[in-house]
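Scope of the values below: all heavy atoms of this structure, side chains included, with no hydrogens, waters or symmetry mates.
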Amino acid sequence: MQTIAFLPDRLNVEPVVFRGFTTPEMGLAALAGIVLGLVVSLPLIPLAGWVILPTGMLVMPLLLISFGGRWLAQVKRGKPENYLWLKLEEKKRRLGLGDPTLIIVARGWSLRRSRSAR
């Protein structure tokens with residue numbers, strides 16, 4: 001039985017589902033939209049009543065996905081497939097919430113050393 005010596009990278013890439021989002025990215029955008037809708041709706045409760053909470057939590061993800069998809073496609077263009085997740089890990093690390101073993105600053109080039117000094 002022969003095996004394929006060359007497997008194109010795009011066969012294993014997660015497909016784009018809607019407006020430039022993959023499935024996990026769209027889920028994250030929807031979750032962020034729900035939280036943002038809740039935060040935006042809270043000050044409006046005295047004006048419209050409790051009905052504004054579920055309305056904001058339903059409308060904001062739709063707006064975020066519809067308008068954020070085009071922006072996300074521009075950000076991802078020409079980048080590796082896991083670029084957004086790496087940037088998210090870096091942001092979490094800078095806030096002190098991420099993996100402490102993640103190296104975010106390397107001083108080797110600023111010291112002009114390509115090898116370790118012994």
- Query: Taking all atoms of both residues into account, what is the closest heavy-atom pair of P43 and P46, and its distance?
  - Reply: O-CD, 3.4 Å

- Hydrophobic cluster membership, M57 vs L44, 4.5 Å side-chain cutoff: yes

- Message: Quick check on the hydrophobic clustering: are Y83 and F21 connected, directly or via other members, by side-chain heavy-atom contacts under 4.5 Å?
- Response: yes

- Message: K91: which residues meet the salt bridge (Lys or Arg N to Asp or Glu O under 4.0 Å) condition with it, sequence neighbours left out?
- Response: none

- Query: Under the side chain to side chain contact (heavy atoms under 4.5 Å, CB included) criterion, do L84 and L72 qualify, and how do the steps go?
  - Reply: CA-CA 9 Å; L84 291 175; L72 184 70; 3.2 Å; yes

- Message: Quick check against the 3.5 Å criterion: does S41 have a side-chain atom that pairs as donor or acceptor with the backbone of L38?
- Response: no

- Item | Within one Ile-Leu-Val-Met-Phe-Trp-Tyr cluster: V59 and F67, side-chain cutoff 4.5 Å | yes

- Query: By the rule that ILVMFWY residues connect when side-chain heavy atoms come within less than 4.5 angstrom, directly or transitively, which residues belong alongside W50?
  - Reply: V51

- Message: Check this for me: W71, atom CH2, are more than 12 non-hydrogen atoms of other residues, nucleotides or ligands nearer than 6.0 Å?
- Response: no

- Run through the side-chain heavy atoms of Ile, Leu, Val, Met, Phe, Trp and Tyr, join any pair under 4.5 Å, and report what else lands in L36's cluster. V40, M60

- Message: Does R93 form a salt bridge (Lys or Arg N to Asp or Glu O under 4.0 Å) with E90? I'd like the steps, not just the answer.
- Response: CA-CA 5 Å; R93 173 67 173 91; E90 179 187 352; over 6 Å; no

- Message: What I'd like to find out is whether the side chain of L42 reaches to under 4.5 Å of the side chain of L53, using heavy atoms alone.
- Response: yes

- Non-neighbouring partners of R19 that pass salt bridge (Lys or Arg N to Asp or Glu O under 4.0 Å), sequence neighbours left out: none

Result block: side-chain N/O donor-acceptor pairs under 3.5 angstrom for residues 23-34, not counting sequence neighbours:
from, atom 1, to, atom 2, distance (Å)
E25, OE1, T22, N, 3.1
E25, OE1, T22, OG1, 3.3
E25, OE1, K76, NZ, 3.0

- Query: What residues form a salt bridge (Lys or Arg N to Asp or Glu O under 4.0 Å) with K92, not counting sequence neighbours?
  - Reply: E89

